[in-house]
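Below you will find the structure I want to go over with you.
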Amino acid sequence: MTSSLTQVYPIIWQDNQVLLIDQTRLPKEYTRIEISRYEDMAHAIKTMIVRGAPAIGIAAAYGMYLGAREIPTVDPQEFLIQLETVADVLRRTRPTAVNLFWAIDEMLKTAQETKGSVEQIQQALLEKAKKIHAEDIETCKLIGDTGLNVLPKSPDKLNILTHCNTGSLATGGYGTALGVIRSAWREGRLERVYADETRPRLQGAKLTTWECVQDKIPVTLIADNMAAHCMKQGLIHAVIVGADRITANGDTANKIGTYSLALVAKAHHIPFFVAAPLSTVDFKLETGAEIPIEERDPTELYEVGNTRLCPTGVEFYNPAFDVTPAELISAIITEKGAVPPGELRSLK
């Protein structure tokens, strides 16, 4: 055992409201904001106060309950109609992360299947949101331990490159790709994390390095365009990333820059793993060509703080995600096991 691990919880249900770590302020400032209205939760998801596919799903589940308790009716049928409006608002926040839609659908199903008064339906929704939250934490720990079994056996201590943030901050706690890294650190199999900065929002630089520092895990920050050089120098033994949506054939949408990372890993014969809960797999979609790709505000590209980086008149393209083809992925690591992308359906 190398080290005990610090537990960070980005989402807490407390005093009949949700407390969120404001991830837009990290690492300079660690602060929590209070959310008691579903429209505020929708804003927090859209503006990335809370982010990461599993965490978005949890936040949306609580958002559904917050919206449910705002509905001014005692008629169960009217309540269900108005709950659909709450769901629509939350669905529009982030189009790519499938966990968002999965959690909303789970909450709607709970509401529809609960017999009784509006108050009883509301209570069932709260309990369902808490269950989704608790199960995600346990799922991430299973993903972390499952990932240990597929990591390269040599060398004894690995240097692992990761992209974006897939740790406690992106989930209910512990993490997906960073969860595998945490488990490797716990078991003495990790030498060092290499963290891509992850342009343009810098989640790797701001969030992944912050989590590693909390856990005293050795971490080296690199610019996104340094990955190939580091691989050529023999500094990287494996790449592990998360996912926002995985299709039935194993194609994977993740933070922009993941596709190029997979290509250079393939060129250097370095295993490339995707770690995600099964709730991230959208079996309704056959290939990555069907995944909607969110485009975000171009200010993320051309401004750092209040400083503009390019002249007026430049045009911008700012997709938040790209799709990595299944053939570039060595294995997809889930709570039910790690399989090659072609065998993903066997876990359904």
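These numbers come from a predicted model, not from an experiment.
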Fill in: E300-N318 side chain donor-acceptor pair, cut-off 3.5 Å
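Distance-only check passes for E300 and N318.
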Discussion item. Assigning hydrophobic clusters by single linkage (Ile, Leu, Val, Met, Phe, Trp, Tyr; side-chain heavy-atom cutoff under 4.5 Å), is I11 placed with I49?
Written reply: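 In one cluster: yes.
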Item to complete: Could you tell me whether a side-chain N or O of T171 sits under 3.5 Å from a main-chain N or O of P54, the two making a donor and an acceptor?
Response: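 Checking the backbone N and O of P54 against the side chain of T171, no donor-acceptor pair under 3.5 Å is found.
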Worksheet item: Any side-chain donor-acceptor pair under 3.5 Å between R69 and Q122?
Response: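 Distance-only check fails for R69 and Q122.
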Worksheet item: So, does E138 use its side chain to make a donor-acceptor pair with the main chain of E135 at under 3.5 Å?
Response: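 Not confirmed, E138 side chain does not pair with E135 backbone.
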Worksheet item: Is the number of heavy atoms from other residues, nucleotides or ligands under 6.0 Å of E34 CD greater than 12?
Response: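 No, because the 6.0 Å sphere around CD of E34 holds 12 heavy atoms or fewer from other groups.
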Practice prompt. Verify side-chain contact (heavy atoms from CB on, under 4.5 Å) between I240 and L151, making sure each step is shown before the conclusion.
Written response: CA-CA 10 Å; I240 308 178; L151 291 176; 3.7 Å; yes
Fill in: Over 12 foreign heavy atoms within 6.0 Å of CG, D156
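Count not over threshold, so no.
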Discussion item. For V18 and L66: C-alpha separation, side-chain torsions, deciding distance, then whether side-chain contact (heavy atoms from CB on, under 4.5 Å) applies.
Written reply: CA-CA 9 Å; V18 181; L66 295 176; 4.3 Å; yes
Item to complete: Kindly say whether L235 contributes a backbone atom to a donor-acceptor pair with the side chain of R192 at under 3.5 angstrom?
Response: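 Here the side-chain-to-backbone pair does not exist.
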Fill in: F101 with I45, same ILVMFWY side-chain cluster at under 4.5 Å
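Same cluster: F101 reaches I45 through Ile, Leu, Val, Met, Phe, Trp or Tyr contacts under 4.5 Å.
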Practice prompt. To the nearest 0.5 angstrom, please state how far the CG atom of L126 sits from the CE atom of M107.
Written response: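 So the gap between those two atoms works out to 8.0 Å.
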Worksheet entry | Sidechain-backbone polar pair: D224 side chain, E197 backbone, donor-acceptor under 3.5 Å |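 Pair found, side chain donor or acceptor close to backbone of E197.
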Practice prompt. Would you check if the side chain of E70 reaches a backbone N or O of Y38 as a donor-acceptor pair within less than 3.5 Å?
Written response: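 Yes, E70 side chain to Y38 backbone: donor-acceptor pair under 3.5 Å.
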Fill in: Stepwise side-chain contact (heavy atoms from CB on, under 4.5 Å) check, D22 with V50
CA-CA 7 Å; D22 186 346; V50 60; over 6 Å; no
Worksheet item: Just how far is it from atom CD1 of I35 to atom OH of Y62, taken to the nearest 0.5 Å?
Response: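 Going from the CD1 atom of I35 to the OH atom of Y62 covers 13.5 Å.
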Worksheet item: Looking at N99, D136, T334, T139, which hits side-chain hydrogen bond (donor to acceptor under 3.5 Å, both in side chains) with S279?
Response: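 Of all the options given, the one that passes is N99.
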Practice prompt. State which residue, out of I132, L83, T110, L125, fulfils the side chain to side chain contact (heavy atoms under 4.5 Å, CB included) condition with M64.
Written response: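 The option that passes is L83.
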Worksheet item: More than 12 heavy atoms of other residues, nucleotides or ligands under 6.0 Å from CD of E119: is that the case?
Response: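 Open.
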Discussion item. For the backbone of G250 and the side chain of T252, can you confirm whether one donor and one acceptor N or O come within less than 3.5 Å of each other?
Written reply: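 Indeed, once roles are kept as given, a pair shorter than 3.5 Å links the two residues.
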Practice prompt. Please confirm whether the backbone N or O of A276 pairs with a side-chain atom of T280, one donor and one acceptor, at under 3.5 Å?
Written response: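 Not a single qualifying donor-acceptor pair exists.
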Item to complete: Tell me, yes or no, whether the heavy-atom count around K153 atom NZ, taken from other residues, nucleotides or ligands under 6.0 Å, exceeds 12.
Response: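 More than 12 heavy atoms, drawn from other residues, nucleotides or ligands, come within 6.0 Å of this atom.
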Worksheet item: Do the side chains of I291 and I293 get nearer than 4.5 Å, heavy atoms only?
Response: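 They are in contact (side-chain heavy atoms under 4.5 Å apart), so the answer is yes.
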Worksheet item: Is V241 close to F273 at the side-chain level, that is, under 4.5 Å between some pair of heavy atoms?
Response: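 F273 does not reach V241 side chain to side chain.
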Discussion item. Testing the basics here: between P95 and P292, what is the closest heavy-atom pair and its distance to 0.1 Å?
Written reply: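 Where P95 meets P292 most closely, the heavy atoms are O-CG, 3.5 Å.
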Worksheet entry | Any side-chain heavy-atom pair of E211 and V219 under 4.5 Å |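 Sidechains of V219 and E211: no contact.
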Worksheet item: side chain to side chain contact (heavy atoms under 4.5 Å, CB included) with T287: which residues, sequence neighbours excluded?
Response: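 Residues passing side chain to side chain contact (heavy atoms under 4.5 Å, CB included) with T287: N249, D251, A289, E290.
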Practice prompt. Evaluate side-chain contact (heavy atoms from CB on, under 4.5 Å) for E335 paired with T146, printing each intermediate quantity in order.
Written response: CA-CA 7 Å; E335 71 273 26; T146 299; 6.0 Å; no
Discussion item. With a 4.0 Å cut-off on N to O distance, would you call D196 and K255 a salt bridge?
Written reply: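 Here D196 does not pair with K255 in a salt bridge, since their nearest N and O are not under 4.0 Å apart.
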Practice prompt. Keeping the roles fixed (side chain from S168, backbone from Y174), state whether a donor-acceptor pair exists under 3.5 Å.
Written response: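 Yes; at least one donor-acceptor contact below 3.5 Å.
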Worksheet item: At what distance, to the nearest 0.5 angstrom, does SG of C230 lie from CG of N159?
Response: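 Reported value, rounded in 0.5 Å steps: 10.0 Å.
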Worksheet item: Do the non-hydrogen side-chain atoms of I160 and V193 ever get within less than 4.5 Å of each other?
Response: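 No. Closest side-chain heavy atoms not under 4.5 Å.
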Worksheet entry | Heavy-atom donor-acceptor pair, D282 side chain to K284 backbone, under 3.5 Å |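 It does hold such a pair.
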Item to complete: Indicate yes or no: does D215 engage R182 in a salt bridge with an N to O separation below 4.0 Å.
Response: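 Looking at D215 and R182, the cut-off is met.
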Enumerate donor-acceptor pairs with a distance under 3.5 Å from any side-chain N or O in residues 340-348 to protein atoms, sequence neighbours excluded.
from, atom 1, to, atom 2, distance (Å)
R345, NH2, E286, OE1, 2.6
R345, NH2, E286, OE2, 3.4
S346, OG, E343, O, 2.6

Item to complete: State, with a plain yes or no, whether a side-chain heavy atom of V98 is found less than 4.5 Å away from one of D244.
Response: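 Side-chain contact under 4.5 Å: no.
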Worksheet item: Does anything in residues 93-110 pair up under salt bridge (charged side-chain N to carboxylate O under 4.0 Å, His left out), and if so which pairs, sequence neighbours excluded?
Response: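 Listed by first then second residue: R91-D105, R94-E294, E106-K128.
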Worksheet entry | Backbone N/O of I181 and side chain of S183: donor-acceptor pair under 3.5 Å |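 Absent.
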Practice prompt. Please collect all salt bridge (charged side-chain N to carboxylate O under 4.0 Å, His left out) contacts where either partner lies in residues 308-326, sequence neighbours excluded, each pair once.
Written response: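 Those involving residues 308-326 do not exist here.
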Worksheet item: In terms of hydrophobic clusters joined by side-chain contacts under 4.5 Å, are L161 and I332 together?
Response: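 Yes; I332 is reachable from L161 via cluster members.
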Discussion item. My understanding is that a hydrophobic cluster links ILVMFWY residues whose side chain heavy atoms are under 4.5 Å apart, including indirect links. Using that, what else belongs to the cluster containing F316?
Written reply: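 Besides F316, the hydrophobic cluster comprises L301, Y302, V314, listed by chain and residue number.
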Worksheet item: Can we say R189 and E187 salt-bridge, meaning some charged N sits less than 4.0 Å from an Asp/Glu carboxylate O?
Response: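 No.
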Listing, residues 71-82 side-chain donor-acceptor contacts under 3.5 Å, not counting sequence neighbours, or none:
from, atom 1, to, atom 2, distance (Å)
T73, OG1, D75, N, 3.1
D75, OD1, Q77, N, 3.3
E78, OE2, Q82, NE2, 2.9

Worksheet item: Are V180 and I143 side-chain neighbours, meaning at least one heavy-atom pair lies under 4.5 Å?
Response: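 Yes, at least one pair of side-chain atoms sits under 4.5 Å.
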